Each structure stands twice: as C-alpha cells, then as structure tokens.
Amino acid sequence: MATSMIHIFVTVMLVAAHTAIAETMMLQDFCVADLSNGVKVNGYPCKDPAKVTPEDFYFVGLANAAATANSTMGSAVTGANVEKVPGLNTLGVSISRIDYAPGGINPPHLHPRASEAIFVLEGRLFVGFLTTTGKLISKYVNKGDVFVFPKALLHFQQNPNNAPASVIAAFDSQLPGTQVVGQSLFGANPPIPDELLTKAFGGLGAPEIQKLKGKFPPKK
C-alpha cells in the first residue's frame, strides 16, 4: 500500500511539474510589452498585436561606445532589455554592452534572475566570479574571447590596461536585474543600521561605515 501511495505521489508531482512547464510556454508568436499600461506582473502585459511595429523589436544603442568619463568606476553599461526593446517580453533573453575606461571596473555585483555570457569586443580584461564556498574563478580574457558568469553569483570585470575595452553581454532573462555590492549595502533605503554593518565587517568603526555610506547615496 505504501509503495502504491509513493507511486501515486510521484506521478502527481511529475504531472504537476509538466503542467507548470507547459504553462510557461509561449501561447502566441510574441507578446510585445505594453510599457504604457502601468500594470506590472511577472513581466508586462501584451500590446495589441494590431499596434505592434518593427521598432518594438529594434534597438540601436549598442553600436557605439558609451561615455565612461563621468563614471566613478570607469565603466558604462548600455542595456537592451525589455524596457528598451519591448519585443523581448516573455522571450527570456536580453543583451548589454559594457565599456571600460583604462583602469575601469564593473564592480562586484550579481544578476538575481540570469546567467551572463560576455564576448570581448575590444581590449583585455580580468574577469571572475565567486562560488558560494568562496572560491574565486578568474581569468584574463582578450578580444574575441567568451566568459560565462553563473546565475546569481557575485562577479566583476576589470580593465587593467592603458587602453579602453568593451564587451557584449548576453543574459537568459528579459530583465536580469543588477545588485551591486557596495551600493546595496551602504546605499540602502532606508539605510542598514551602522551597528549591523560594523559587526558584519569585523568591527569596522562607525566613522568608517558613515564614510562608506557617504560614497553610496541611496537611490531614489
């Protein structure tokens, strides 16, 4: 009897899993995001197909390097996600271009909803990610190379050279999300209590915590 119940339970779970997967499959050719709707679920509602145009699937922002001069980190990210390309809605992909000034970095950050693969357009970079056990996986990559960052793991890129560098980054999400370590911890809104950060960082003093918070003003 117990064995039969186990078989029934497993069968039900497999059917439920199959149904859940099937429900995420596309039920139409596309679902262009209606960004003017104001309603946001897990994605965007679909635009009326009669109002869809080629521009919904088109973006020119990655053709040229972005300015890095005014960036404190010496890098600039130009994203082509669903908010820039409405036709990406429900497709589960997006792309970005990242430009690095000489000595610039894309600081430690993670994408909670996507893995990332970069293709080096120009220059040479030092890149890496941290595993959940604290192991650093890193490598120098050159023009034409590809490097992959697993989903939701902390990673970074650094341009150690005296010349600019750039990459194209591909994501398996229409909106990967980005959480930068420094900004998240020291620029939280409302702020994380000083005493908590002091203890978390091995007794770093309150003045140092306040100084760090001053470097990361909360986002509005």
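Just so it is clear, the model here is predicted, and its values are computed rather than measured. We use all heavy atoms of the structure for the numbers below, so side chains are in, but hydrogens, waters and symmetry mates are not.
For Phe57, the CZ atom counts as densely surrounded, since its 6.0 Å shell holds more than 12 non-hydrogen atoms of other residues, nucleotides or ligands. Few gaps surround CG on Asp48; more than 12 heavy atoms of other groups in view lie less than 6.0 Å from it. Summarising the local packing, CG of Asn142 is surrounded by more than 12 heavy atoms from other residues, nucleotides or ligands at distances under 6.0 Å.
Of the possible donor and acceptor atoms, none in the side chain of His111 sits under 3.5 Å from a partner among the backbone N and O of Ala152. Side chain of Glu208 to main chain of Gly205: a donor-acceptor pair is present (N/O by atom type, distance under 3.5 Å, no hydrogens or angles). Here the side chain of Asp34 pairs a donor or acceptor atom with the backbone of Ser36 at under 3.5 angstrom.
Residues Leu175 and Val85 share a single hydrophobic cluster, defined by chaining ILVMFWY side chains whose heavy atoms lie under 4.5 Å apart. One hydrophobic cluster, built from ILVMFWY side chains closer than 4.5 Å, holds both Val146 and Val93. Cluster membership for Phe59 and Leu121, using ILVMFWY side-chain heavy atoms within less than 4.5 angstrom, is shared. By the criterion of side-chain heavy atoms lying less than 4.5 angstrom apart, applied directly or through intervening Ile, Leu, Val, Met, Phe, Trp or Tyr residues, Phe149 is grouped together with Val167 in one hydrophobic cluster. Residues Leu88 and Leu35 fall within the same hydrophobic cluster, defined by Ile, Leu, Val, Met, Phe, Trp and Tyr side chains chained together at heavy-atom separations under 4.5 Å.
When all heavy atoms are compared, the tightest approach of Asp172 to Ser115 is OD1-N, 2.8 Å. Of all heavy-atom pairs spanning Ala76 and Ala67, the tightest one is CB-O, 3.5 Å. Residues Gly123 and Val120 come closest through the heavy atom pair O-CG1, 3.6 Å. Summarising the geometry of Gly177 relative to Pro112, their closest heavy-atom pair is O-CD, 3.5 Å, with the distance given to 0.1 Å. Minimum interatomic distance between Ser94 and Ala80 (heavy atoms only, all atoms of both residues): CB-O, 3.6 Å. When all heavy atoms of Pro102 and Asn159 are compared, the pair lying nearest together is CA-ND2, 3.7 Å.
With a 4.5 Å cut-off on side-chain heavy atoms, Thr53 and Tyr58 do not count as touching. Put simply, the side chain of Pro191 does not reach to within 4.5 Å of the side chain of Pro218, judged on heavy atoms. The shortest side-chain heavy-atom distance between Leu153 and Thr132 falls under the 4.5 Å cut-off. Ser184 places none of its side-chain heavy atoms less than 4.5 Å from the side chain of Phe216. The side-chain heavy atoms of Asn89 and Val32, taken from C-beta on, include no pair separated by under 4.5 Å.
Contact check on Arg97 versus Asp99 returns a salt bridge, with a Lys/Arg side-chain nitrogen under 4.0 Å from an Asp/Glu carboxylate oxygen.
To the nearest 0.5 angstrom, Arg124 atom CZ is 14.5 Å from Tyr100 atom OH. Rounding to the nearest 0.5 Å places NZ of Lys151 at 8.0 Å from OG of Ser173. The line from CZ of Phe147 to NE2 of His155 is 10.0 Å long, rounded to the nearest 0.5 Å. Considering CD of Gln157 and OG of Ser166, their distance stands at 12.0 Å, rounded to 0.5 Å. Interatomic distance, Thr198 OG1 to Ile192 CD1, rounded to the nearest 0.5 Å: 11.5 Å.
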inquiry  = Please evaluate residues Leu212 and Leu204 with respect to the criterion side chain to side chain contact (heavy atoms under 4.5 Å, CB included), reporting the C-alpha separation (whole Å), side-chain torsions for both, the decisive distance (0.1 Å), and the verdict.
reply    = CA-CA 11 Å; Leu212 285 169; Leu204 196 64; 4.0 Å; yes
message = Show, in sequence, the C-alpha distance, side-chain angles and deciding distance for Asp194 and Lys213, and conclude whether the salt bridge (charged side-chain N to carboxylate O under 4.0 Å, His left out) test is met.
response = CA-CA 9 Å; Asp194 288 0; Lys213 284 186 173 181; 2.6 Å; yes
task = Please lay out, stage by stage, how Phe171 and Arg113 fare under the test side chain to side chain contact (heavy atoms under 4.5 Å, CB included).
result = CA-CA 9 Å; Phe171 303 90; Arg113 298 184 288 273; over 6 Å; no
inquiry  = What verdict does the side chain to side chain contact (heavy atoms under 4.5 Å, CB included) test give for Ile118 and Ile168, after you've listed the backbone C-alpha separation in whole Å, the side-chain angles of each residue and the deciding distance to 0.1 Å?
reply    = CA-CA 6 Å; Ile118 61 169; Ile168 291 292; over 6 Å; no
query = What's the verdict on side chain to side chain contact (heavy atoms under 4.5 Å, CB included) for Phe186 and Ile209, showing C-alpha distance, side-chain angles and the deciding distance?
reply = CA-CA 8 Å; Phe186 300 106; Ile209 293 294; 4.1 Å; yes
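For His109 and Gln179, the side-chain atoms include no donor-acceptor pair closer than 3.5 Å. Under 3.5 Å, the side chains of Asn81 and Gln174 contain no donor-acceptor pair of N or O atoms.
Ring geometry for Phe156 against Phe126 counts as tilted: the plane angle lies between 30° and 60°, on a 0 to 90° scale.
Of the candidates Thr78, Thr68, Asn106, Leu125, Ile98 forms a side chain to side chain contact (heavy atoms under 4.5 Å, CB included) with just one, namely Asn106.
Among pairs with a residue in residues 38-153, those fulfilling disulfide bond (SG atoms under 2.5 Å apart) read Cys31-Cys46, at least two apart in sequence or across chains.
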